[in-house]
Number of protein chains: 2
Amino acid sequence: MTQVRQTKKTTIYDLAELAGASASAVSAVLNGNWKKRRISEKLAQKIIRIAEEQNYAPNKQASSLRSNKSKIIGMIVPKYDNRYFGSIVEHFEAMARERGLFPIITCTRRDPSLEIEAAKTMLSYQVDWLIATGATDPDKITQICATSGVPTLNLDLPGTLATSVISDNYSGAKALTSRILHNNQQRQGRLDPLVFIGGRNSDHNTRERLRGFCEAHREYGIEVSEARILTCGYAAEKAENALRDFISTLLPSASNPNNMEPNLKPNIEPNLLPGLFVNSTISLEGVIRWMSKQGYIGKKQPAMGCFDWDPFVALLGHDIEMVKQDVPAMLNAIFELIDSSAQGDNNLTEPNDKAQVRRIEIPPLPINEGTLYCS
Amino acid sequence: MTQVRQTKKTTIYDLAELAGASASAVSAVLNGNWKKRRISEKLAQKIIRIAEEQNYAPNKQASSLRSNKSKIIGMIVPKYDNRYFGSIVEHFEAMARERGLFPIITCTRRDPSLEIEAAKTMLSYQVDWLIATGATDPDKITQICATSGVPTLNLDLPGTLATSVISDNYSGAKALTSRILHNNQQRQGRLDPLVFIGGRNSDHNTRERLRGFCEAHREYGIEVSEARILTCGYAAEKAENALRDFISTLLPSASNPNNMEPNLKPNIEPNLLPGLFVNSTISLEGVIRWMSKQGYIGKKQPAMGCFDWDPFVALLGHDIEMVKQDVPAMLNAIFELIDSSAQGDNNLTEPNDKAQVRRIEIPPLPINEGTLYCS
DNA sequence: TTGAAAGCGCTAACAG
DNA sequence: CTGTTAGCGCTTTCAA
C-alpha cells in the first residue's frame, strides 16, 4: 500500500495495467463471473490481490449506466420520530443488503410535494425499485415511476396502482377498541363511547381504524357521535389542542355551563374523561402532555389505547393498551414480492401489471405491558 | 402526455429530437446555464416544456460519471431507535436538500464491520461527502474515503483524522450529574455517589461523560468507586442486566447477606436504590423496565438522569432529568464546514488536511419537564 | 446562437 | 483462456 491519498480514483484500467491484463478481464474477475469467462485462477487471484492493494472501489455509476441496473432500492418514509418507521427502515436496510441491493431512504415529512420531488430524485439516481411508505399519494408516485419503467410497492398506506402491504387496520383497531371499552367499564363502572384522536380523514389507515372503532362500539351496543372523532392530523401539538378543545366543549364551565354532549350529560363528572383511542404514538405524546398538565392521571386517567407501540409508553404507568404493527412480517411480504419479480424477469409480467395489483394485510400484534407500576 | 409507460427511459437525445435541437442544447437548458451558452429564450422554453411533457428524469449516473461530481452526500448512522439519531437524520436530509445535495443514509447498527462495508459501498456510489455519525471507528472510515479522495466529517463521536462535531459531553454530563446528586439529596436526605449505566468504555463520549460524572462528584466531595461504573453497552437488555447484577451485589439477601459495597453499608436500606446516571435513552429503557418490575417506583424511585432526551420519558413521572443534545446546532456546524469547503474549491486546501482537523463541541441543552404527574 | 464529437468507467458481445 | 470494441446518457470543449 503505497498511496494514502490519490487525486484520481483507481479504475479497472489502472488495475489492468498493473496486472498486465485487459480491462474486461479485470471487470469479469471483479464481478465474480470469471468461471464463465474461463479466466485462469492465477490471473483472477492476481487481479483480486491488486484490487485490494489499491483499495479499489468500483464505480457503480459507470457500471449501472452500462448494465442498466443500479441495484439501488429506494424507500420514501414520512418521519423518523417514532419506533414504527424507525423499525421499518432498519429492517428494510438489513433485508436489502442481504440481497445485494443498496438501500437509500428519504424522509418526506408527510409533505405531498416533497414526496413526489423525492420520488423524481430517486428516479434520477436510477433506483431499480421504489417503496413508498406511508405516502400521502402513493398512486402519484407509482405513476411517475411507471413513466420510467421503475416498479413500486406501497407500504403502510395503500394505493390502487401498485401492490400494497399494510397492517390489518380494521381488525387491529376493532380489537384495540374492545379492550379499551372493557378497561373503561372496569374503571368507571359503565360503558361510554370513546374518543378517537389523531390521524387524517384522508388517509386509508385512519378510515379503516375508524371503521373498526365504530364496529367495536356497535358490538357493545354503543353509538358514537361524530363529535368524538378528532382526526386532527398526527402531530403532537394538534392532538393536544384537539383534545383540549373537545374537553372544553364537554365539561361544564363558567363560560359554557350547559354545553355538554347530550348523551354524556347523565354521566358526566368534572374529572372523568372519556376513554381514548389514540391513532399514533406521536399523537399520544400530545394527549399525554395535556392530560398530565391537567392532572388527569392516576385514578383520574381514563382508559386508553394507542395504535402503535413505544417502549416508554409501555412503562408510562398509564395502563395504555397498544397495538404493535408487525414490521418484520410486513417487510417479509415486501421482499417476497421483490424476490419473485426478480426471478421471473421476463417482459411478459410487468411489475405493476393491472391484474397483479394486490393488497396484503398483515395482522398487528396486541401488546399490553402496562400496569407495571404507578398503579 | 401520450405515454403512461415506456419500456425505455427518455434521454436528452429524445428531447433534442422532439425539440429540433441538439443534445448539448438540451443539456445546457436543463442545467440552467443557457444564459451562459446564450441559447435563445424561445428554444429554452420549448425544451423545458417538452421535458415536462415527457416527464423527463435526467440520468444522474451518467451526469455524474461525466462531470465527476455526484451531488450525493452520504451519512452513516448507528440506529434509528431513538429520537437523537432520528432528529439528526431528519435535519441532515432537510439541510442537504436545501443545498441541492442528495442525502443517502445508511444504518450500521453499531457493527464495526458493517460500518466500513457501508462506507465502501457509498464510495462505489460516488458520494461527494461522507458523514460518519456515531461511528465506532471514524478514522478507518476517513482513511478509506481519503483513498478515493472523498472528504469526510465525524458527527457525534469524534475521530482524529477528520473534523468532528460533537456534543460537549463533559460539561453536559457534569451539569446533569450535579442535578441528579442534588435531587438525590432532596429525596434521600444525604449525598451518595450515583451509578453510571450504559455506553461503552471504548467510546469517547462515554469516557467524557464519565469524566464529567466524576468531576461533579468531586465537587460534591464524594468518591466514586469503580464498581459503580456500569459501561455495559447501549442495548436496553444489557443495561437491565447490568443494573440487576449490580443491585444484587449491593443489597443484602439470603445468598449474600454481607456482600455490600463498603461505603454504602452505613446507609443502605433494602428499598433505597442509588441515584442513576443513564447514558442513553435506549439504556434507560432497560433501566426503567427493571425498576418497574422490582417496584422501585414512586417514592422508592431514586433520583435519575439521562444523557439524551425522549418525549415520553419527560412524561414518565419518574422525575428524570435529561440532557438534550443540540442537533440543529450540530448540523449547522456540519454544513458550515461543507459549504465553506465548496466555496474555496481550490486544490490547495485538502478537505481533511492535517492542519484543518478540528473538534467542534456543541453544548447540549438541559431539560426538565419531569414532575408533570404521578408525584 | 448552436451542433459535433470526445470521453467519463464500466459491461458485454465478439473475435480471436 | 483473453483482448478489442462499442456504447450506456451525459457534459464539455471546440468549431462553426
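We name chains A, B, ... by the order of the sequence lines, and we start the count at 1 in each one.
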> From the list D/dT2, C/dT2, D/dG9, which nucleotide is the closest neighbour of the side chain of A/Leu65?
Replying inline: D/dG9
>> Which residues pass the salt bridge (Lys or Arg N to Asp or Glu O under 4.0 Å) test with B/Arg66, not counting sequence neighbours?
In response: none
> Quick one: A/Asn68 CG to C/dC10 C1', roughly how many Å, whole number?
Replying inline: 13 Å
Donor-acceptor contacts, no H, no angles, side chain residues 17-25 of chain A, under 3.5 Å, sequence neighbours left out:
from	atom 1	to	atom 2	distance (Å)
A/Ser22	OG	A/Ser24	OG	3.0
A/Ser22	OG	A/Ala25	N	3.3

>> With the threshold set at under 4.0 Å for non-hydrogen atoms, list the residues of residues 118-127 of chain A touching DNA chain C in residue-number order.
In response: none
> How about B/Lys71: does its NZ atom have over 12 heavy atoms from other parts shown lying under 6.0 Å from it?
Replying inline: no
> Who passes side-chain hydrogen bond (donor to acceptor under 3.5 Å, both in side chains) against B/Thr108, sequence neighbours left out?
Replying inline: none
>> Please enumerate all residues that pass salt bridge (Lys or Arg N to Asp or Glu O under 4.0 Å) together with A/Arg49, with sequence neighbours excluded.
In response: A/Glu53
> Which residue pairs satisfy the ring-ring contact (aromatic ring centres under 6.0 Å, His included) criterion with at least one member in residues 102-122 of chain A, sequence neighbours excluded?
Replying inline: A/Phe102-B/Tyr125
> Atom CD of A/Glu17 to atom P of D/dT2: distance rounded to whole Å?
Replying inline: 18 Å
> Which pairs, with at least one residue in residues 99-128 of chain A and sequence neighbours excluded, count as a salt bridge (Lys or Arg N to Asp or Glu O under 4.0 Å)?
Replying inline: A/Arg99-A/Asp339
> Within this structure, what is the CG-to-C1' distance between A/Asp128 and D/dC8, rounded to whole angstrom?
Replying inline: 15 Å
> If the sugar-phosphate is the primed atoms plus P, OP1 and OP2 and the base is the rest, what is the B/S/- string for nucleotides 10-16 of chain D, using protein heavy atoms under 4.0 Å?
Replying inline: BBB----
>> Filter on salt bridge (Lys or Arg N to Asp or Glu O under 4.0 Å), then keep only pairs touching residues 140-152 of chain B, sequence neighbours left out; what's left?
In response: none
>> Whole angstroms only, please: what is the CD1-C1' distance between A/Ile39 and C/dA12?
In response: 13 Å
